[in-house]
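Labels below follow one simple rule: chain letters A, B, ... track the order of the sequence lines, proteins then strands, and each chain is numbered from 1. Note: hydrogens, waters and symmetry copies are ignored here, and every other heavy atom, side chains too, is used.
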Amino acid sequence: MLLTIQSLTKTFPGTKALDGVNFDLSAGEVHALLGENGAGKSTLIKCLTGAYRRDEGEMHLDGRLISPTSTSEAQELGIGTVYQEVNLLPNLTVAQNLTFGREPRRFGLINSRAQKLAALEMLQGYGLDIDVGRDLSSYSVAIQQIIAIARAVAVSGKVLILDEPTASLDAAEVRMLFDVVRNLRDRGLGIVFVSHFLDQVFELTDRLTVLRNGQHVVTEQTAGLDRLQLIHHMLGRDLEAVEEQGHTGHAPIVERPAMLHFTGIGRAGVIEPFDLTVHEGEVIGFAGLLGSGRTESAELLFGLRRAQTGEARDQSGPISIETPQSAIAAGFGFAPEDRKTDGIVAELSIRENIILALQAQRGWARPLPRAEQDRLAADYIKRLDIRTSDAEKAIGDLSGGNQQKVVLARWLAMNPRFLILDEPTRGIDVGAHAEILKLIDRLTEDGMAVLIISSELDELVVAADRIIVVRDRRHVSELTGSAVTSDTIMQAIAAEDHAPAQEVAR
Amino acid sequence: MNPRTFPLLATIAIFLVAYAICSAQYPTIFSSRVAGNLLTDNAYLGITAVGMTLVILSGGIDLSVGSVIAFSGVFIAVMLRDTGLHPLVIFALLLVVTTLFGAAMGGLIDILAMPPFIVTLAGMFLARGVAYMLTIDSVPINHDFYSFLQKSYYLMPGKGRLTFIGVLMLLTVLAGMIVAHRTRFGASVFALGGGTATARLMGVKVRRTTVQIYAFSGFMSGLAGIVFSIYTGSGYPLAAVGTELTAIAAVVIGGTLLAGGAGYMFGTLIGVLTMGLIQTYIVFDGTLSSWWTKIVIGVLLLSFILLQKGLVHLSTRQRGARI
Amino acid sequence: MIRSLRRVAPQLMTLVVLAALVSWFFPSFLQIDMSDGRLVGPVIDILKRGAPVAILAVGMTLVVATGGIDLSVGTVMAITGAVAASALVSGWGVPVALILAVGAGMIAGLWNGCLVAVLGIQPIVATLILMTAGRGIAQLITEGRILTYSDTGFGFLGSGSILGIPVPALLWVLTGVLVALLMRRTALGLLVEAVGVNKRASALAGVNARGLIIVVYMASGLCAALAGIIATADIRGADANNAGLWLELDAILAVVIGGNSLLGGRFSIAASVLGAMIIQTIDTGILLAGFPSEYNLVIKAVLVLAILMIQSPHLASEWALIRMQIARRRAAREQEV
Amino acid sequence: QTVGFSQIGSESGWRAAETTLTKQQAEERGIDLKFSDAQQKQENQIAAMRNFIAQGVDAILIAPVVATGWDSILAEAKEAEIPVVLLDRKVDSSDDMYLTAVGSDLVHEGEVAGKWLVDTVGDKDCRVVELQGTTGSSPAIDRKTGFEKGIAGHDNIEIVRSQTGDFTRSVGKEVMESFLQAENGGENICALYAHNDDMAVGAIQAIKEAGLLPGKDILVVSIDGVPDIFKAMSEGEANATVELTPNMAGPAFDALAAYWKDGTMPPKFIQTDSALYTMQDDPAGQYEARKDLGY
Ligand SMILES: Nc1ncnc2c1ncn2[C@@H]1O[C@H](COP(=O)(O)OP(=O)(O)OP(=O)(O)O)[C@@H](O)[C@H]1O
Ligand SMILES: Nc1ncnc2c1ncn2[C@@H]1O[C@H](COP(=O)(O)OP(=O)(O)OP(=O)(O)O)[C@@H](O)[C@H]1O
Ligand SMILES: [Mg+2]
Ligand SMILES: [Mg+2]
């Protein structure tokens, strides 16, 4: 065995995140680490790399007892890690991030030319054509994710750990990543792979380990399990087939009254002016490649960036979407893509995070009564199955997927008429995934319109009534009704500019 | 061009324009004499600011520098008076003391997770308090070596003096540039400025780096103290009150982000020279009362920062920054 | 109630220990007498002397909670004091003087708030500007001299007493209670904390972060105005150059001793105000103990450091870690043997 | 003629008056005064002098913030043949480096105050509390020394408490309060000596608030002679002050004028009076005479 972990235990105040977990990894395998949100996957990884101090447990690498107390020690031992939240430094350039701690030096000083060359070399094979001399923060989460992977791959001499690396990647990038991973496996590395996409698990991994509530459930050959068995291991119960599928109702939009009209919304250098009509109770999907301008479109709609052109109106006349506040007043909601910086208010409790938008709308002088707050919190903790010891826990201490659920809950509590969800299911486990899709379904029945941005084509197909394809900062085409399938979307995304994707008839 | 350099370029541009305007009004300002004065008079500030820049780049702050300068002067003067040691030996001793002092503050900041503002505030009280305990008098320094240092300068054309301490300041800035931008330690400093938690996950040895950063600042304050004692030829426990704020202002004017993680050491030099230019301009003008002096310094500082913000904003505008 | 008591327990403990320490040097420290219908004694002095810093700390707590800092409060004290004194000297009467002073404080806060929230200048620098220039403004008003007025009604705010208790003490308690109630009985406290922890996320959730930040700086200006009024009333004159000098540092210190994070977020006004009392106890204690003045700074620095270190939650965990490591190492060595 | 004037700052009313008078004197003599405020910092004063030299002024007035550390800048001025006159405080450089110094003898001031107390209390025991100036500043050091010299040999007078009041009214008041606390509510204090009038004015209020009568229960003697202390004296709340005249510039300009005219070298130290004023010296009139001088 390359790496063995024995009876690892880690307790946080109020939570036993890991309870005597065993784990092993052999050289030349890809080992999936699975479990619901909050099962303890990220905690296991952080204990392994010394980011957390473990309470108990022994770890051996190559038969030698190891006990890294800092991530740099782990790196020196040959363990490269991509943590769940992109953990790179936004204020450094891409090249600095990639070579950090191992910068090429001449006469003891960093040689920045060699540094850039080294960075470019590290990025080879990921199909990324970017200026490595620019700050990391000028790139999207997805690109940062790839950069983080490239960096981890480069430092990992023996073990590579990927904690939900694919959460914000699109299909093409995922394929690229898999090629890289297989290549490394063939070179004899041991790879730990965490994901909530079961398809990817089955495609890529050799063995898998399932955790539940901080306890080890099972370790098996991936090939020896089927999807339903696996889900059973993860949830401790069965998930009904329909539930996992979600709904697939692409009701024709003609039946629905239009609710909002956006005309000519745009901003130079961000997105070309586009029109959008939103009907009551419909689910619109934005599809496109990374960096195509989906997030930017949504940000303009929500007033997070100011639109230079265009206007928004509903039945009663023009509405202002100049700032998030005015958009919210107009009944909009927006769950952002980057939950760490735009979503959660880390130190505040789950309860406070859930009521934040509601309270902001009521104004400071009319506090939501405490009983009402507790009721809302309890309600959403139950409905979204948020795993927490209680509603007063700081949201920053929740697992990634559970944080995402709280952010969703914040907007659901507002009961908006138009809800924009940017990558809403990022990092959410199968059970909750189904739950959220079901929830969207229920909300739209009550008349709420939802705009989903997702890199998961399957998810879009399942959820959306209408798909708008965005490419190169332009809204290029629209698919509706039965035309909404993974393949048609793919085609529309890939179509060349001068050969515009055909408008699929309704 | 990397947008990161915009604040630096804006700073340099504004400084040059300001210098031109001042020279137009008082032609003597455009002389090697005033240029030499700018370097000499701000030498101690420049050296302090180099240390301060590194601290600020890491997302911290060091309020103790002014007091450490005062302590250094008193330490040197008292040691020279009471022991027969050569100034160079005393310098070495002093630098060891101030470096250790900085390191201790860095250690407290990291180990007890206390905010730098408060730890260095206590350090500020402590250093000045110790200076008082050494002597409450101002102590003159009379040593041949000191006179030698004070008299060593290169006479530039136009009678301007390029003094030893002025050159030392420039060299320190150069060293600072290398440390901040060309070493792994510097990279770790920037990393800390980008976020401690992230830096830790990237493999930065946070504790060691923090200690080193404040030790560096302590060393620079000690060096600035030496320069200050050469400049004034004495040690005085009340010296350099408020220097920390001037240094911070210079660093910020130089385009370094106070929140940490972004900035250039060279900008700090420009920031220091800008502060000096403001002073010089006010002296040349010579009509401002005590209170108007304060107001004008504030207003010039503000306009400088606003101009810089405006320029940077103009050059990055089209991306439509998010709210 | 119990929760808020637990929050301020470290500060209360510190006060008790300090009181014991000072009593050791100055045995009659806790003695309180009644003379001329007013309470007198070192403790009463502390309550009264601590008023400016305590009131500043109230405003500073809010600013710090949003992740900012206000270095200008000491200067604003000088400005408002100068405004009040010159109004009195001009014979405009106490009410006008008070209104003008409070107005000046709010304008100063508005200025800071706009620099920070609208122009996006970093708080330390933004308030540093007013800190420098403001003292000039104050001196401009007084023309550099100490403006002495003779209105006894105004002086009451500084040295009067109600029911035997000094007015400044009543004022800071009142300010603290009112602001704390305002924060906790409305949603302001939550919104301020949200903005302090994550401004972007809060703005995205519809919180008017910009407005809130401006309001918070105005509150700090208002508190500074109150403190300035007390200081001016206390010495029956406005000393533009020295009023509030370096008090911003004491106020920040009070906030931190109160266990509030300078990075913003959760805050407790009660704890900050207790922090101010801790500082004043140190200052008064040093005076009472009668050390030579050149020791004042060192004593204060050492006490403050000690207090902060003991209050640090990391002290315990670091200590535990070190002990664990030693134990592990010993165990490993025994295994080898 | 152009004269550069490097003032320490505006930390007290006295200093503001000095600035006002200097400007007034310059104007009367048709001198173009370049004023620079150093905000209490020696480094600013040195920089200002350098810039005065670069500008080529005809003379420099400087009120040095501290006694030490002026050698090299004075040498620079000498090299540029610009006469330098020191105002109100002395420096430790050799006296051929500057033209002359105008000022009062700080030690002497303290001595005058001490002597007054000796004469006033006679043989009675007297416990004195002292409010020092800013720790480390030369007036604080010298006025303390002077006072101790003044009371030397009179064992009935004893300084029992001595703390810094930072030269300000508010700290003066605060420290006096704690003195009163510490000395049995003030019963044990016979006299207060303050290094400047501002602190004395603050302390007087503290004494009154403690229910004692300043000037009677506790004698008050201080230094400077600012208007407010004369007012207090006229109300019987202060007993004596030693004047430090803010008009240092007058004698300085006179000396400069003579020097410019025919190179007359003035004496190296032009000492101003340290006159003692007591309640008998028409304090009300003194107040009126001074209140508009910009104190
Ligand atoms: N810093 C912390 N403080 C307190 N509790 C924590 C902390 N970090 C994690 N936890 C708790 O530990 C448990 C395990 O969290 P972990 O992040 O390991 O889950 P995960 O399996 O990675 O979930 P996800 O799939 O959502 O990422 C959760 O209940 C979480 O609330
Ligand atoms: N492949 C790329 N090459 C260069 N820059 C890119 C690329 N992809 C994204 N960017 C930059 O990243 C920024 C953020 O784009 P962003 O990812 O938010 O768009 P998006 O369409 O919402 O994509 P997604 O939501 O899939 O992340 C863009 O403004 C663009 O400048
Ligand atoms: Mg996780
Ligand atoms: Mg996006």
Side-chain angles (χ1 to χ4, degrees), chain B residues 26 28-29 31 33-34 36-38 40-42 44-45 70 73-74 77 131-132 135-142 146-147 150-151 159-161 228-243 246 276 279-294 297, chain D residues 2-11 15-16 19-20 23 32-57 64-76 79-80 91-93 132 134-138 140-142 144 164:
Chain B
Y26 301 103
T28 353
I29 290 188
S31 66
R33 217 176 172 132
V34 172
N37 286 355
L38 268 183
T40 310
D41 294 336
N42 296 293
Y44 79 99
L45 183 63
V74 171
Y132 279 149
T135 172
I136 57 166
D137 244 327
S138 69
V139 182
I141 298 176
N142 299 309
Y146 256 79
S147 323
Q150 284 164 343
K151 294 215 177 75
K159 282 212 161 170
R161 296 176 182 195
F228 195 80
S229 72
I230 296 173
Y231 183 58
T232 63
S234 66
Y236 182 40
L238 274 178
V241 173
T243 298
T246 318
Q279 280 283 348
T280 306
Y281 179 80
I282 289 176
V283 173
F284 269 73
D285 178 69
T287 60
L288 295 178
S289 63
S290 305
W291 30 99
W292 277 110
T293 305
K294 292 178 184 140
I297 290 179
Chain D
T2 310
V3 174
F5 174 32
S6 170
Q7 176 62 293
I8 296 180
S10 54
E11 72 280 7
R15 183 112 1 239
T19 305
T20 316
K23 286 183 174 169
D32 177 13
L33 190 74
K34 294 249 169 208
F35 176 75
S36 157
D37 180 295
Q39 325 261 341
Q40 273 86 17
K41 291 186 189 157
Q42 184 181 21
E43 56 274 27
N44 287 355
Q45 290 201 301
I46 296 178
M49 281 184 69
R50 280 235 162 78
N51 285 322
F52 286 146
I53 297 171
Q55 256 175 310
V57 296
V65 62
V66 52
T68 53
W70 301 97
D71 290 355
S72 54
I73 185 66
L74 288 177
E76 243 178 82
E79 226 168 274
V91 301
D92 70 350
S93 308
Q132 301 174 29
T134 305
T135 310
S137 67
S138 61
I141 297 167
D142 290 350
K144 186 172 175 54
T164 173

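Between Thr68(D) and Val139(B), every side-chain heavy-atom pair lies at or beyond the 4.5 Å cut-off. Using a 4.5 Å heavy-atom cutoff, the side chains of Thr40(B) and Arg161(B) are not in contact. When side chains are defined from C-beta on, Ile73(D) does not count as touching Gln45(D), because their heavy atoms never get closer than 4.5 Å. Tyr26(B) has its side chain within reach of Asp285(B): a pair of non-hydrogen atoms, C-beta onward, lies under 4.5 Å apart.
Looking at Val241(B), the atoms closer than 4.5 Å to chain D (heavy atoms on both sides) all sit in the backbone: N, CA, C or O. Heavy atoms of Lys294(B) lying under 4.5 Å from chain D belong to its backbone as well as its side chain. Residue Tyr236(B) touches chain D through its side chain alone, counting heavy-atom pairs closer than 4.5 Å. Both the backbone and the side chain of Ile46(D) come within contact range of chain B, judged by heavy atoms closer than 4.5 Å. The contact between Asp92(D) and chain B is made entirely by side chain atoms (from C-beta outward), counting heavy-atom distances below 4.5 Å. Residue Glu11(D) does not touch chain B at all, counting heavy-atom pairs closer than 4.5 Å. With a threshold of 4.5 angstrom between heavy atoms, Gln39(D) approaches chain B through side-chain atoms but not through N, CA, C or O. Proximity to chain D (any heavy atom under 4.5 Å) is shown, for Ser289(B), by both the backbone and the side chain. Contact of Gln42(D) with chain B is made through the side chain alone, with heavy-atom distances under 4.5 Å. Of the two parts of Val57(D), neither the backbone nor the side chain holds a non-hydrogen atom closer than 4.5 Å to a non-hydrogen atom of chain B. Proximity to chain B (any heavy atom under 4.5 Å) is restricted, for Asn44(D), to the side chain, taken from C-beta onward. In this structure, chain D has a heavy atom under 4.5 Å from the side chain of Tyr132(B), while its backbone stays farther away.
Chain D forms the most heavy-atom pairs under 4.5 Å with one residue out of Thr135(B), Asn142(B), Asp41(B), Leu288(B), and that residue is Asp41(B). Chain D forms more heavy-atom pairs under 4.5 Å with one residue of Asp137(B), Val34(B), Thr28(B), Thr287(B) than with any other, namely Asp137(B). Per-residue heavy-atom pair counts under 4.5 Å with chain D were compared for Ile141(B), Thr293(B), Asn37(B), and the maximum is reached by Asn37(B). The most heavy-atom pairs under 4.5 Å with chain B, out of Lys41(D), Gln7(D), Lys23(D), come from Lys41(D). Among Ala47(D), Ser93(D), Ser36(D), Ser72(D), the residue making the largest number of heavy-atom pairs under 4.5 Å with chain B is Ala47(D).
Between Trp292(B) atom CH2 and Ile282(B) atom CD1 the span is 12.0 Å, to the nearest 0.5 Å. Atom CD of Gln55(D) and atom CD1 of Ile29(B) lie 8.0 Å apart (nearest 0.5 Å).
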Could you walk me through whether Phe35(D) and Ser290(B) pass side-chain contact (heavy atoms from CB on, under 4.5 Å), step by step? CA-CA 9 Å; Phe35(D) 176 75; Ser290(B) 305; 3.7 Å; yes
Take Val66(D) and Leu238(B), measure what side-chain contact (heavy atoms from CB on, under 4.5 Å) needs, and give me the verdict at the end. CA-CA 9 Å; Val66(D) 52; Leu238(B) 274 178; over 6 Å; no
side-chain contact (heavy atoms from CB on, under 4.5 Å) for Tyr44(B) and Thr243(B)? Distances and angles first, verdict last. CA-CA 10 Å; Tyr44(B) 79 99; Thr243(B) 298; 4.0 Å; yes
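Between the side chain of Gln150(B) and the backbone N or O of Ile230(B) there is at least one donor-acceptor pair closer than 3.5 Å.
Nearest heavy-atom pair across Pro140(B) and Ser234(B) is CA-CB, 4.0 Å.
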